Amino acid sequence: MSRVKLHDLEFELFIPEAEVNAAVDRLARELKVKYEGKRPLFIGVLNGAFFFAAELMKRLDIECEITFVKVASYLGTNSTGRVTDLIGLNERLEGRHVVVVEDIVDTGNTVKHILDALTDHHPASVSIATLLFKPDAYKQTLPIEHVAVRIPNDFVVGSGLDHDGLGRNLPGIYRIIQ
Ligand code: 5GP
């Protein structure tokens with residue numbers, strides 16, 4: 001399938017499934033080297049990361065744990081104005097090596113808020129592993145250490161990413177047709 005219509009928008013195949021798989025293979029090898037013997041805790045950010053998290057986990061033959069959170073963001077009364085809650089985080093993070101698993105990092109605002117919220121739990125280390133990264137859209141300074149695929153600043157779906165609920169189940173990555 002090289003073209004799909006999701007609601008009102010059309011998409012074309014941009015990165016075939018085999019290429020995505022090869023990129024996840026490479027990332028799993030990179031994470032193995034870094035985290036073997038450290039029993040890392042992977043934290044997948046729902047909904048989008050379910051797909052990438054599963055693909056990554058089945059390639060990681062090291063001792064590790066995985067859990068999932070949902071992110072709720074709202075305006076708080078503190079000085080920063082914005083509060084990020086990680087819903088469903090029941091694990092103790094103190095002293096753990098934590099890897100946040102994201103489907104995509106765009107401006108980086110979401111991942112910045114997640115990292116700020118995690119830091120309050122005093123983990124030994126925190127890094128980010130993302131399926132897709134848009135370097136041209138990125139506005140934060142924290143390093144995105146583990147990236148499977150870098151893409152231009154286009155809207156994409158597939159491999160867990162949706163357009164208004166549709167498209168998450170598409171293998172590969174599809175790019176919007178302008
Ligand atoms: P941020 O700008 O905070 O890095 O990304 C915010 C959120 O926007 C991501 O978690 C993702 O849900 C959504 N997003 C950003 N770019 C895309 C894209 O190309 N496709 C889809 N489906 N969602 C995106």
Side-chain angles (χ1 to χ4, degrees), residues 1-17 19-24 27 31 41-57 66-76 78 80-89 98-120 126-178:
M1 201 169 24
S2 62
R3 278 190 175 214
V4 287
K5 187 156 194 244
L6 305 174
H7 298 296
D8 49 328
L9 300 179
E10 275 211 80
F11 295 83
E12 65 188 356
L13 184 61
F14 174 43
I15 309 172
E17 184 180 9
E19 250 178 73
V20 175
N21 285 342
V24 181
L27 195 65
L31 290 167
L41 172 64
F42 290 87
I43 302 182
V45 183
L46 294 172
N47 291 327
F50 78 95
F51 196 107
F52 173 50
E55 291 296 324
L56 190 59
M57 284 301 113
I66 175 110
T67 189
F68 289 90
V69 295
K70 275 211 168 201
V71 176
S73 248
Y74 51 91
L75 289 177
N78 66 354
T80 60
R82 189 147 167 213
V83 178
T84 297
D85 262 354
L86 302 178
I87 301 167
L89 185 65
V98 171
V99 184
V100 177
V101 180
E102 270 282 17
D103 53 353
I104 189 161
V105 176
D106 185 54
T107 64
N109 292 341
T110 307
V111 101
K112 166 84 168 67
H113 286 295
I114 292 171
L115 255 66
D116 287 348
L118 287 175
T119 305
D120 294 344
V126 187
S127 72
I128 299 153
T130 185
L131 176 62
L132 302 175
F133 178 43
K134 294 180 179 174
D136 297 339
Y138 192 60
K139 292 193 164 51
Q140 297 294 335
T141 50
L142 59 105
I144 307 299
E145 287 172 76
H146 305 290
V147 176
V149 187
R150 285 171 178 75
I151 61 167
N153 206 355
D154 296 324
F155 186 74
V156 295
V157 295
S159 300
L161 291 122
D162 74 315
H163 165 45
D164 203 8
L166 295 180
R168 292 193 197 278
N169 55 326
L170 290 167
I173 302 292
Y174 287 70
R175 175 168 59 182
I176 192 166
I177 301 172
Q178 302 287 355

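Nothing fancy with the numbering, it's 1 onward along the sequence. Both ligands and their constituent atoms are indexed starting at 1 by order of listing. Please read all numbers here as calculations on a predicted model, not as lab measurements.
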For [atom], state which one of [options] supplies the nearest heavy atom.
atom: atom 4 (O) of ligand 1; options: A137, A49, G108; answer: G108
atom: atom 21 (C) of ligand 1; options: Y138, F133, F155; answer: F155
atom: atom 9 (C) of ligand 1; options: I104, V45, V111; answer: I104

- Item | Option passing salt bridge (charged side-chain N to carboxylate O under 4.0 Å, His left out) with K134 (candidates D154, D106, D103) |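 When D154, D106, D103 are each tested with K134, the salt bridge (charged side-chain N to carboxylate O under 4.0 Å, His left out) holds only for D106.
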- Query: Is there at least one pair of N or O atoms, one from V156 and one from ligand 1, spaced under 3.5 Å apart?
  - Reply: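 N/O-N/O distance below 3.5 Å exists for this pair.
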- With K112 as reference, evaluate N109, T110, D116 under the side chain to side chain donor-acceptor pair (under 3.5 Å) test and give the passing residue.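 Passing option: D116.
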Looking at [atom], what's its closest protein heavy atom, distance included?
atom: atom 1 (P) of ligand 1; answer: T107 OG1, 3.4 Å
atom: atom 15 (C) of ligand 1; answer: D106 CB, 3.6 Å
atom: atom 22 (N) of ligand 1; answer: D162 O, 2.8 Å

- Give the atoms of ligand 1, by number and element, whose distance to some non-hydrogen atom of N109 is under 4.0 Å.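 Every atom of ligand 1 under 4.0 Å from some heavy atom of N109: 3 (O), 4 (O).
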- Atoms of ligand 1 close to T110 [distance to a heavy atom under 4.0 angstrom, numbered from 1]: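 Close to T110: 1 (P), 3 (O), 5 (O), 6 (C).
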- Message: Checking the side chain of S159 only, and the main-chain atoms of G172 only, is there a donor and an acceptor separated by less than 3.5 Å?
- Response: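 Side chain of S159 to backbone of G172, a donor-acceptor pair under 3.5 Å: yes, one is there.
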- Contact between D154 and ligand 1, counting heavy atoms under 4.0 Å?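 For ligand 1, residue contact (heavy atoms, under 4.0 Å) with D154 is present.
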- Taking the six-membered ring for Trp, are F50 and F68 ring centroids under 6.0 Å apart?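 Centroid distance F50-F68: not below 6.0 Å, so no.
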- Task: May I ask you to decide if the ring planes of F11 and H163 are parallel, tilted or perpendicular, using 30° and 60° as cut-offs?
- Result: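 Ring orientation, 0 to 90° scale: tilted.
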- Message: One residue to check: K134. Relative to ligand 1, which of side chain, backbone, both or neither has a non-hydrogen atom less than 4.0 Å away?
- Response: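 Within the 4.0 Å criterion, K134 contacts ligand 1 through side-chain atoms alone.
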- Distance-minimising heavy-atom pair for V156 and L161: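 The pair with the smallest heavy-atom distance is O-CB, 4.0 Å.
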- Query: Between atom CG of L131 and atom CD1 of I151, what is the distance when rounded to the nearest 0.5 Å?
  - Reply: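 The distance works out to 8.5 Å.
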